[in-house]
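Numbered from 1 within each chain, the chains take letters A, B, ... in sequence-line order.
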Amino acid sequence: MAVMTMVEAIRASLAAELERDERVLVLGQDVGVNGGVFRATEGLQERFGADRVVDMPLAEAVIVGSAVGLACSGLIPVAELQFLGFGSQAFHQIEGQVARMRFRSAGRYGMPMVIRAPFGGNVRTPELHSDAHEAKYAGAPGLKVVMPATAHDAKGLLTAALRDPDPVLFCEPLRGYRLIKDEVPDGDYSVPLGRARTVREGDDVVIVAYSAAVVIAEKAAERAAAEGYSVGVLDLRSLVPLDTDALREAVARAGRAIVLHEAPLTAGFGAELVATIQEEAFWSLEAPIGRVAAYDTPYPPGAVEELYVPSVERVLAAVRDVLEA
Amino acid sequence: MAVMTMVEAIRASLAAELERDERVLVLGQDVGVNGGVFRATEGLQERFGADRVVDMPLAEAVIVGSAVGLACSGLIPVAELQFLGFGSQAFHQIEGQVARMRFRSAGRYGMPMVIRAPFGGNVRTPELHSDAHEAKYAGAPGLKVVMPATAHDAKGLLTAALRDPDPVLFCEPLRGYRLIKDEVPDGDYSVPLGRARTVREGDDVVIVAYSAAVVIAEKAAERAAAEGYSVGVLDLRSLVPLDTDALREAVARAGRAIVLHEAPLTAGFGAELVATIQEEAFWSLEAPIGRVAAYDTPYPPGAVEELYVPSVERVLAAVRDVLEA
Amino acid sequence: MSAVRATGSAEPLRLLAPDGTVAAGQATALDDAQLLDAWRAMLQSRAVDERFFSLQRQGRLGTFSPVAGEEAAVVGSAWALDPARDWVVPQYRELPAMLRQGYTLARAVRYFRGDPAGNLMEPGVNLLPYQISLAAQIPHAVGLAWGLRHQGSDGVVCVYFGDGASSEGDAHEALNLAGVRRAPVVFVLKNNGWAISTPVRRQTAAASFAARAEGYGMPGELVDGNDLLAMHDACTRAVARARAGDGPTLIEARTYRMGPHNTSDDPTRYVDAAELEERRAADPVLRLRRHLTARGLVDAASEAELTARLKAEVDAAVAEAEAVPPPGPEAMFDHVYADAPGRMLGQRAAATGEGG
Amino acid sequence: MSAVRATGSAEPLRLLAPDGTVAAGQATALDDAQLLDAWRAMLQSRAVDERFFSLQRQGRLGTFSPVAGEEAAVVGSAWALDPARDWVVPQYRELPAMLRQGYTLARAVRYFRGDPAGNLMEPGVNLLPYQISLAAQIPHAVGLAWGLRHQGSDGVVCVYFGDGASSEGDAHEALNLAGVRRAPVVFVLKNNGWAISTPVRRQTAAASFAARAEGYGMPGELVDGNDLLAMHDACTRAVARARAGDGPTLIEARTYRMGPHNTSDDPTRYVDAAELEERRAADPVLRLRRHLTARGLVDAASEAELTARLKAEVDAAVAEAEAVPPPGPEAMFDHVYADAPGRMLGQRAAATGEGG
Ligand SMILES: Cc1ncc(C[n+]2csc(CCOP(=O)(O)OP(=O)(O)O)c2C)c(N)n1
Ligand SMILES: Cc1ncc(C[n+]2csc(CCOP(=O)(O)OP(=O)(O)O)c2C)c(N)n1
Ligand SMILES: [Mg+2]
Ligand SMILES: [Mg+2]
C-alpha cells in the first residue's frame, strides 16, 4: 500500500498490464518521449519500446480507427485522446465503429480496447479541453463508460477495463490527476465495472456523482453534516454498466436524492440517473430529485469557469432545496 | 391549403426561403441534379442555380464546417446531412464549432444556419442510416434541435428555423417523408420553436413524443381509448428549446406520463424529459413515468428492426403498466 | 510484369487493350488456370448482380449495390492476394473480393436479407465485414496491417474505397498514418465516376487520386480499372512491396459504375445516356472475353455453360439463405457485448419473453 | 518577384540568405516603409512573447503559446493581405497576423486572462477568433472564402494551421473542397517541426507538405518560413491568384518553434539541445536584422528605441486589460444564443441572482 496520485495510479496500471500481457499497446498524441501531456505514460516508452508505446499523428479518428484494426489483429490497444473534448473528432469511430464492431461482425471481432481521455474543469485549460461529454458516449450501445474518482479505483478500474472483452471509454478527471491522492495496493487487483461505491451512508439525502464531482459531493456532505443533516454519497464509478441496485438502495434509504456532474444540465447523464431512480425507487421518493450540473452553455473561458463547474455551495443549496421540498 | 407529404412540405419551405432571401444557400451530398436521395431538394437547383443549391464532396465535416464560414460571410446556409447517423463524422464541427461560434466570438459571428438530417427506422435502410442521435445534439449548448411530426409543422418549423438567428439541427423522420401527409397552408407561415403541440388531451396519462414517434403515440392513444382510457399525446416539436410549461400542464392534468422515442433508452432524450417532468410536476405524479424507447443495442439490420423500433404494442403495454402502478 | 511506374503518371496503366490484345512486350502474371478463375469470378459477380436485383424487386432482399462495371478492378486486385495470410477490408461493392477470401454467397444473401448473422466472417476468413460508414474502414485497415506486422506476420491488407469515400477525413488520416508507420496496406481507390449522383469532378479538382500518394510519402499508381491484367499487375507489385516491408501503395482503379448506385437509385436523373453508352463499351467483361477468346481459353459454349452453372450456384445460395429461420429478437442483443450490462440483459429478457 | 515555381519543388523558396543578403536578380516587393513595419511587427511579437510568458508565470495570464521562431512566416504572409478586404483565419500561434487585421493587444491580454470578451473581433475586423480545436478552422476558411466570392467580393482568406493540424481529417476535407470550388484561399501550413512533442517525421512520411497540393488540384509551394521576403513573395502571388479567380494555393512555411509549445510545456524532455542551437541560429529576426542593417534601415540604437517603445505598448495593453473589471456570471450566458431558450435564461437568472 502506498499513497499515490491518480495519475500515478493510472501509470501503474498501464505499466503492469504492458508487462503482463504483450498484446497491450499504448497509442496517442505525445504519449512517447514526452510521457503524455499529463505524464500518465511517463517512462513507458523507455521501458516497453517505441513499438508498444506509440506517438501518433495529430488525428483522433485514426488513433481510434487504427485501434479498431489493431484489435481485429488480436492486440489490445489503449488509445489516448489528449482530451475528451477532442474525442468529438473521432465520434464516428467511437460510436459507429468501436462500439458496434462486435455486433456488426456477429461476434467475430470483439473490441477489447480502452480509450483513455482526460476531461473536467477548473484547471484553466483553453476552450474545449474541459468538456464533459460522458452522456454522449453512455448513449452509444456497445461501449462501456468508466469514470473513477479515487486513485485506488483509477488503478483497479483501469486494470479491469484493460482485461474486459468489451471496449471501454475511460474518463480521467484533469483536476484529480495530482489533487486526488489515496492508498493504492501495490500488487495486481481490479475493481469490477458496474459496482458503485458507497462513499458515505446517508439517511436524509444521497448525492449521486462520479469522477472528480465525488470530491465536491463529499465536501458538501460534510458541510451538511455540520448543519445536522445525514447526507450520503454514492460514487457510480461506471455509467455503463450502471449499478441500479446501489442507486435503488441508496435512494430507498434516504428518500431524497441529488445527482451531480460537471457536464451541462440538459441531456446530461444526470437526466438518466433521475429517470433510473424514479423507475427503480419511485415509491421511496419524498421529494423531486435535484440535479446539480453545469449550465446549458459551452464550457466558458477561465475567468468564469469557477462559476460554471458545480461548486460545494451549489450542491449544498440543492441539498437544502431537496430537504425543504 | 393542400394536403402534402412531409417531404413536399420541406421542399416547399426551402423553395420559399430560397426565393425570399437570397442569402439562403443549400448544400449537401446529391442535393443538386438528383434533388436529394429523398427528393427533398428536387427541382431546387434547376430553379435557383448551381451556385445556390450545391452538390458537395462526400465529407460531412466540411459540409458543416464550410457552412460555418459561409455564415461568417453573411449567408444563411442550409446544410443537408444525408443521414443523421453520418452527422457523427461532423460531430466536432456541429458540437464544437457551429454551436459555439457565437459564444466564442463574443457575439460577433452568429450562426444562422440549418442542418437538415433524416433519421429513423422501419424503412429497411442499411446500418447507421436510421440512428436517432437527437440527445447527443440536445446536449450541445448553443444549438437548437427541432423534430417535426407533421407536414404542417415541417414547413412551419423549417421556415422558423431558417429565420432563426441561431443554428438549428432539423431532424426529419425517414418513415414520415411520404407516409405523413396533412393539410399545409399555401402561403408563408412559421411555427415558433419551443412550443409543443397538444395532439390530444388526456386525463389518465399523457404520452410525450416527437417526430414520427408521435404517430405511434396517437395510435396507441386511440387503442387505449377503445379500452376506456383517456390518453393524451403531446408533440414536443423541438427539444431545444423545450416547452416545459406544456410538459408541466399535461402531466398536472393526467398525473401519469410516458415518454417515447426511437433512440435507445440509456441517455436518450426521454431521460431528460423524465428529469424535467419530475422537476416541474413531481407533486402531480401518481406513478413512475414510463419510458418507451429502443433497446440499448445498435440499430439492428432490417430483419429485426420492427422489433427494435418502439411499436404501438409496446407503448400500449407501457400505458397499462403506468396506469396499474 | 511492367516495371514500377512513376508516381502520379497521367496515363492509366493498361496491359490489355480494349480489343483484348496484350501490349507487345507485356507478359501476364496470371496463368491460364488463374485467368479462368478470375473470369469465373467476374461472371459470377454479374450473375449475382442480376439475381439480387430481381430479388430486391420482389421484396426478398434489402438495398443492394451492384458491382457491374467494376469486376476487373475488384477481381484483379483481390487475385493478387494470398487469402491464407492477406486480408481484405471492403467498403460494400466488392463482393467478389470477399468471396475469394472465404465469405460465402449464402451469407451474403442473408446479409442483404437483413439478418445480423449475414455479416459473420467465419474464423480463418481474413476479412472485415461490409462497411456502410464511408471511409471508416480505411483506418481499420491500417491498424490491422500494423497489428499483423507487430505480431510478426507478413500478411498484407487490401482495403477498398470509392472516389466518394476518398473525400472523407478518415481517408486522409489513414493514408497518412500508413505512410508514417510503413504499414503493409494496399489502398485500392475505385474511382467509378460517381458517388451516388455526384460526379468525380465535384469530388476532386486533382488530375488523379493517385496524385495524392506523394503527399503521404508512398507510391501511387493510376490503373485502368477495367483491365484485369493491369489491376492484377499493379496490385501484385504493391503486395510484394508491402510484404517486403517497404510500406503502403495507393492504387487508383479508374473504372465506371455501369448500373445504378443501388436498388433505390434512379441514375437516369443524372447520368448522361451517351456517356453511359460509351462507358458500357469499355465493360471489363467484354474486354476479358475478347482476350480469353483470342487465347482460345473460352468460347460461347463454354461461357454459356459456365454462366448456367454460376446462376445455379446463386440460386442454391438463395435457397440456402431463405431456408434459415428468420432471426428472432435475441438477434438484437447477441454480440453487442461479450459481458453485457445488466440493463441490456433485462431488455433482452423482456423482448424475448424469457425470464431475466 | 520570383516566377511561379513548380508544385512540390524539393528546395524551399528562399530570397533572403541567412547572412541577410538578397539573392542576385531578386527584388523585394516590400518597400522600405513596409519592411520596417514588418520588422516592427516581428519585434513586437518577440516582446509580447516575453511579457506574456512572465505574466503567465506570475499567474496573471492563462496558457499561452509563444510565436518565437515563426515571426517571418506569420508576418511575411499576413503582410501580403489587404486587411480592408482580405481575411485571416488563425489557429492560435499567429497573433501578429491578427493584430495586423485590427485585433488589439489589449483584447489579446483579455483573451489570455480568460475573459470571454477577449475573443471579440470588432466589426470591420476581417478575422475569425482563435481556434483551439486543431484544423477545425480550415473548413471555416473555405466556406468564408466561398461566401465572399458568392457575394461578389474579391476578398481572399488566409488560413493558418500547423504541421500537427495537417494530419486531421478536417485539413483534408477543406483543402479538397477549396480545390473543387476554386475558393480564394491561401493555406499557410506552418511546419514548425513540432506538434507539442511530436516531430514532423511522425506526422508525415512525405518529403514536404507542399506535395499534398497536387492531390487537391492546386499549386503548392515550399517556402523558407524564416525568410520574410520569400514568405511575402509566395503569399503575394497566391493572393493574386486567388483574387483573380484562379483558386487556392497551399504554402508550406518551413520554420521552427524556438520555444516551448506553450507555458505548460517542457521541451527539454524531447528537443535535442544541439538541434535547438542550430535552429536558433536560423532565427528569422536575426536574418531580417542583418538585411535591414545592410540596407541601412536599422541599427542597434534604432532597434533599442523601437523595442523599448514596443514593450511600453505591451505594458499599456496589459494595464488596459487589467483595468477591465473581471467578467461576472452573465458572461457565461451572453452570446450563447441570440434568442435563448427559457431554460438557459432561468439558469442565467439563478446564477446572476437576477429575477428570471
Ligand atoms: C459517411 C457516409 N456519408 C454518406 C453516406 C451515404 N452514401 C452511401 S453510398 C454513397 C456514395 C459512395 O460513393 P463512393 O465512395 O464513390 O462508392 P461507390 O458507391 O461509387 O462504390 C453515399 C454518399 C454513407 N454511407 N456514409
Ligand atoms: C483536435 C485537437 N486535438 C488535440 C489538441 C491538443 N493540442 C493542442 S496544440 C497541439 C499540437 C499542435 O501542433 P501544430 O498543429 O503543429 O501547431 P503548433 O503548436 O506547432 O503551432 C495539440 C496536440 C487540440 N487542441 N485539438
Ligand atoms: Mg464511386
Ligand atoms: Mg507545429
Side-chain angles (χ1 to χ4, degrees), chain A residues 22-23 25 27 51-52 54-75 77 79 89-90 92-93 95-97 99-112 141-144 164-167 193-194 238-245 276, chain C residues 87 89 107 115-123 125 127-133 135-151 153 155 157 159 168-170 172-181 183 331-344 346:
Chain A
E22 62 174 19
R23 293 171 304 165
L25 220 72
L27 47 149
D51 279 348
R52 295 189 64 207
V54 183
D55 277 321
M56 293 288 281
L58 207 166
E60 289 78 11
V62 84
I63 291 176
V64 174
S66 66
V68 170
L70 287 164
C72 289
S73 83
L75 297 170
Q89 264 79 349
H92 58 295
Q93 283 288 348
E95 184 272 331
Q97 303 296 322
R100 302 187 196 210
M101 192 52 114
R102 178 184 291 276
F103 181 67
R104 173 177 305 136
S105 66
R108 164 93 188 261
Y109 297 109
M111 289 284 116
L143 201 64
K144 295 176 177 172
D164 199 274
D166 297 310
L193 309 187
S238 65
L239 309 190
V240 181
L242 182 62
D243 192 344
T244 46
D245 293 337
T276 300
Chain C
W87 287 68
V89 178
R107 282 267 176 218
D115 180 347
N119 231 342
L120 179 67
M121 314 298 146
E122 308 284 350
V125 172
L127 182 62
L128 295 200
Y130 288 101
Q131 180 60 259
I132 295 301
S133 186
Q137 75 276 21
I138 320 179
H140 305 173
V142 177
L144 175 58
W146 164 11
L148 292 173
R149 180 140 300 228
H150 182 86
Q151 290 166 92
S153 157
V157 178
V159 57
E168 289 280 357
D170 276 9
H172 166 69
E173 296 190 14
L175 280 154
N176 191 42
L177 177 66
V180 169
R181 296 212 64 83
M332 291 184 282
F333 301 94
D334 291 343
H335 310 303
V336 177
Y337 293 92
D339 179 17
R343 174 176 280 185
M344 200 205 77

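- For A:Gln89, no part sits under 4.5 Å from any heavy atom of chain C, backbone or side chain.
- Between atom CZ of residue C:Arg181 and atom CG of residue A:Leu27 there is a gap of 8.5 Å, rounded to the nearest 0.5 Å.
- Per-residue counts of heavy-atom pairs under 4.5 Å with chain A were compared for C:Val142, C:Leu127, C:Val89; the largest is that of C:Leu127.
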Q.
Using the rule given for side chain to side chain contact (heavy atoms under 4.5 Å, CB included), can you reason through C:Trp146 versus A:Leu25, listing the C-alpha separation, both sets of side-chain angles and the distance that settles it, and then say yes or no?
A. CA-CA 12 Å; C:Trp146 164 11; A:Leu25 220 72; 4.2 Å; yes
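- Put simply, CE on A:Met56 and CD on C:Glu173 are 9.5 Å apart, with the number rounded to the nearest 0.5 Å.
- The candidate with the highest count of non-hydrogen atom pairs below 4.5 Å against chain C, out of A:Leu193, A:Val64, A:Val54, is A:Val54.
- Annotation: side chain of A:Arg104 is not in contact with side chain of C:Ile132 (no heavy-atom distance under 4.5 Å).
- Note: C:Ile138 CD1 to A:Ser66 OG = 13.5 Å, rounded to the nearest 0.5 Å.
- Judged as a side chain to side chain contact (heavy atoms under 4.5 Å, CB included), and not counting sequence neighbours, the contacts of A:Asp245 are A:Asp243, A:Arg248, A:Glu249.
- Looking only at side-chain heavy atoms (C-beta outward), A:Gln93 and C:Asp170 come within less than 4.5 Å of each other.
- Contact record, C:Ala117 with A:Ala106: CA-CB, 4.2 Å, taken as the closest heavy-atom pair.
- Taking each heavy atom of A:Asp51 and C:His150 in turn, the nearest pair found is O-CE1, 3.3 Å.
- With respect to chain C, the highest number of heavy-atom pairs below 4.5 Å among A:Pro112, A:Gly110, A:Ala99, A:Gly142 belongs to A:Gly142.
- Heavy atoms of C:Ala331 lying under 4.5 Å from chain A belong exclusively to its backbone.
- Of the atoms belonging to C:Val125, heavy atoms from both backbone and side chain fall under 4.5 Å from chain A.
- Closest approach of A:Met101 to C:Pro129, counting heavy atoms only: SD-CG, 4.3 Å.
- The contact between A:Asp166 and chain C is made entirely by side chain atoms (from C-beta outward), counting heavy-atom distances below 4.5 Å.
- Residues A:Gln97 and C:Gln131 bring a donor and an acceptor atom of their side chains to less than 3.5 Å of each other.
- Once rounded to the nearest 0.5 Å, the distance linking OH of A:Tyr109 with CG of C:Leu144 reads 7.5 Å.
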Q) Going through the distances and angles, do C:Val336 and A:Arg100 end up as a side chain to side chain contact (heavy atoms under 4.5 Å, CB included)? A) CA-CA 7 Å; C:Val336 177; A:Arg100 302 187 196 210; over 6 Å; no
Side-chain polar contacts of residues 67-75 of chain A - donor-acceptor pairs under 3.5 angstrom, sequence neighbours left out - could you list them?
unit_1, atom_1, unit_2, atom_2, d
A:Ser73, OG, A:Leu70, O, 2.7
A:Ser73, OG, C:Gln151, NE2, 3.1

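- A side-chain donor-acceptor contact under 3.5 Å links C:Tyr337 to the backbone of A:Leu143.
- Looking at every heavy atom in both residues, A:Pro57 comes nearest to C:Leu177 through CD-CD1, 3.6 Å.
- Neither the backbone nor the side chain of C:Leu175 comes within less than 4.5 Å of any heavy atom in chain A.
- Options C:Pro116, C:Ala136, C:Ala141, C:Ala340 differ in how many heavy-atom pairs under 4.5 Å they form with chain A, and the most are formed by C:Ala136.
- Across all their heavy atoms, A:Ser105 and C:Leu120 have their closest contact at O-CD1, 3.4 Å.
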Q: Given side chain to side chain contact (heavy atoms under 4.5 Å, CB included), test C:Asp339 with A:Asp164 step by step and report yes or no.
A: CA-CA 8 Å; C:Asp339 179 17; A:Asp164 199 274; 4.0 Å; yes
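- Proximity to chain A is limited to the backbone of C:Met332, based on heavy atoms less than 4.5 angstrom apart.
- The most heavy-atom pairs under 4.5 Å with chain C, out of A:His92, A:Arg102, A:Arg52, come from A:Arg102.
- Looking at C:Ala174, both its backbone and its side chain come within 4.5 Å of chain A, counting heavy atoms on both sides.
- Between chain C and the residues A:Gly194, A:Ala90, A:Ala59, A:Gly96, the most heavy-atom pairs under 4.5 angstrom are made by A:Ala59.
- Note that the CD atom of A:Glu95 and the OG atom of C:Ser133 stand 9.0 Å from one another [nearest 0.5 Å].
- What you find for A:Arg108 and C:Trp87 is that their closest heavy atoms are NH2-CH2, 3.9 Å.
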